[in-house]
Asker: 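For reference, the structure I am asking about is given below.
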Amino acid sequence: ESDNNAGPCLYLYGPKFARERCATHIQSLLDSSRRRGEASLRMPSAMSMEEQESLVRANSEGQPVEIERVSNKLIVRAKSAGPAGAAAVKRTVSFASEQNQAAEMRICQPPPSWSDMENGEILKWVTVELNSPEGKEIVESFENSFVSASRSVRKVERIQHKVLWQQFCDSRVSVQGGNEKKRLFFSDTKKHPKDFVDEGIMPSNGEQGAIVLGEDSAYADARRYELNGTTACVVLADVHVGRREERDLDSSITTPGDGFHSVYGKVEPSGSGYMIFDSKRCYPAYIIYYDFGAEC
């Protein structure tokens, strides 16, 4: 029952000695439950909540612990009071921490396509062979966006920037279960992409500091930086989009909704894109140079 003054409570009826004996036993059970080991697994993680829960449950099989998912965290609870239960909880928490650290190390390794860099070298520009697997993938992703226009890739430069890469990795591992990465296109008509890279920042769109990137290269092409009358360049970036909020993209958006890291919606002239609010969540991976012909 519920008492208006005391809150939820239990009323005992019967002889006084029986009530006292029952109350003592109930209090003992409550005290025992409080002494049971319990821990919350809610930490910055390079794994999604689903991945973390699957690993923790598999590791805890046969152990005197139970796992409960509550919102965006896992509760590890000993099945019984005492040292054995507390030790099992400690082992489970330690295992989860080790798995998170291993996952963080994996995603923070430089891309396998990177060439060797000298000690102390922060930034390296590498021309990608267009006929290599890496080059073909980039050219295809760029040119496939155009149906009614002629675009021909002439050169691709890979950007190997240790500082920007570390900032990008720190962003990915700083949020629980929100490390999803997308490869998106970006451009700014007013500034050469190399200038942004040299300055160590990515440009913002609008007064609110948001950065909008498109899934299709046509979005960046509409905002291309033109080197001359026939050649332009755009950025192909790795973007930490995390958990996305789906809504119309407009300049009034200053932050994603609670629990989200980016906003996803339609962009002009076509396709969809992401709005992010921290330049550290965007790593400029390549600059694509291309010829833009007459519209068909």
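Just so it is clear, the model here is predicted, and its values are computed rather than measured. Just so you know, these numbers use all the heavy atoms, side chains as well, and skip hydrogens, waters and symmetry mates.
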Asker: Looking at Glu118, is its backbone amide N or carbonyl O close enough to the side chain of Glu121 to form a donor-acceptor pair, meaning the two atoms are under 3.5 Å apart?
Answerer: yes
Asker: Given the side-chain rings of Tyr274 and Tyr264, with only the six-membered ring counted for Trp, is the space between their centroids under 6.0 Å?
Answerer: yes
Asker: Is there side-chain contact between Ile253 and Arg247, with at least one heavy-atom pair below 4.5 Å?
Answerer: yes
Asker: Looking at Lys79 and Glu66, does any basic side-chain N land under 4.0 Å from a carboxylate oxygen?
Answerer: no
Asker: If the condition is salt bridge (charged side-chain N to carboxylate O under 4.0 Å, His left out), which residues does Lys162 pass it with, not counting sequence neighbours?
Answerer: none
Asker: When you check the side-chain N and O atoms of Glu157 and Tyr289, is any donor under 3.5 Å from an acceptor?
Answerer: yes
Asker: With sequence neighbours left out, write down each residue that passes salt bridge (charged side-chain N to carboxylate O under 4.0 Å, His left out) with Glu61, or none if nothing qualifies.
Answerer: none
Asker: Do Ser115 and Gln160 meet the criterion of a side-chain donor-acceptor pair at a distance under 3.5 Å?
Answerer: yes
Asker: Of all residues at least two apart in sequence or in a different chain, which pass the salt bridge (charged side-chain N to carboxylate O under 4.0 Å, His left out) check with Arg91?
Answerer: none
Asker: May I ask you to decide if Thr231's main-chain N or O and Arg224's side chain share a donor-acceptor pair within less than 3.5 Å?
Answerer: no
Asker: Please state whether the rings of Trp165 and Phe168 are parallel, tilted or perpendicular, taking 30° and 60° as the class boundaries.
Answerer: tilted
Asker: Under 3.5 Å, is there a donor-acceptor pair linking the side chains of Thr230 and Asp291?
Answerer: no
Asker: Is there side-chain contact between Cys108 and Val173, with heavy atoms separated by less than 4.5 Å?
Answerer: yes
Asker: Return yes when atom CD of Glu226 has more than 12 non-hydrogen atoms of other residues, nucleotides or ligands closer than 6.0 Å, and no otherwise.
Answerer: yes
Asker: Could Glu134 and Lys136 be called an ion pair, given the rule that one side-chain N must be under 4.0 Å from one carboxylate O?
Answerer: no
Asker: Using every non-hydrogen atom in the two residues, find where Ser141 and Ser217 come nearest and quote the distance to one decimal.
Answerer: O-OG, 4.3 Å
Asker: I need the minimum non-hydrogen distance between Val239 and Cys282, along with the two atoms involved.
Answerer: CG2-SG, 4.1 Å
Asker: Which pair of non-hydrogen atoms, one from Phe186 and one from Leu213, has the smallest distance, and what is that distance?
Answerer: CB-CD2, 3.6 Å
Asker: Give a yes or no on whether the backbone of Arg223 and the side-chain of Ser187 come within a donor-acceptor separation of less than 3.5 Å.
Answerer: yes
Asker: Determine yes or no for a side-chain-to-main-chain donor-acceptor pair under 3.5 angstrom, with Tyr283 supplying the side chain and His161 the backbone.
Answerer: yes
Asker: For atom CD of Gln166, decide whether the heavy atoms of other residues, nucleotides or ligands shown that lie under 6.0 angstrom number more than 12.
Answerer: yes
Asker: One pair to check against salt bridge (charged side-chain N to carboxylate O under 4.0 Å, His left out): Asp170 and Lys280. What are the steps and the verdict?
Answerer: CA-CA 8 Å; Asp170 290 344; Lys280 295 182 178 64; over 6 Å; no
Asker: Would you call Arg183-Glu215 a salt bridge at under 4.0 Å N-O?
Answerer: no
Asker: Test your reading of the model: is there a side-chain donor-acceptor pair from His261 to the backbone of Arg243, 3.5 Å cut-off?
Answerer: yes
Asker: Does the distance from a Lys or Arg side-chain N to an Asp or Glu carboxylate O, for Lys191 and Asp188, drop under 4.0 Å?
Answerer: no
Asker: List the atom of Met275, the atom of Asp250, and the distance in Å for their closest heavy-atom pair.
Answerer: CE-O, 3.7 Å
Asker: Under the criterion side-chain contact (heavy atoms from CB on, under 4.5 Å), I'd like the reasoning laid out for Thr92 against Val56: C-alpha separation, chi angles, the key distance, then a yes or no.
Answerer: CA-CA 7 Å; Thr92 302; Val56 170; 3.7 Å; yes
Asker: Could you report the tightest heavy-atom contact between Pro284 and Ala237, atom names first, then the distance?
Answerer: CA-CB, 4.1 Å
Asker: Would you indicate whether Asn228, at its atom CG, is surrounded by more than 12 heavy atoms from other residues, nucleotides or ligands within a distance under 6.0 Å?
Answerer: yes
Asker: Looking only at heavy atoms, which two atoms of Glu143 and Val153 are closest? And how far apart?
Answerer: OE2-N, 3.1 Å
Asker: Looking at Met117, I want to see if its CE is surrounded by more than 12 non-hydrogen atoms of other residues, nucleotides or ligands under 6.0 Å.
Answerer: yes
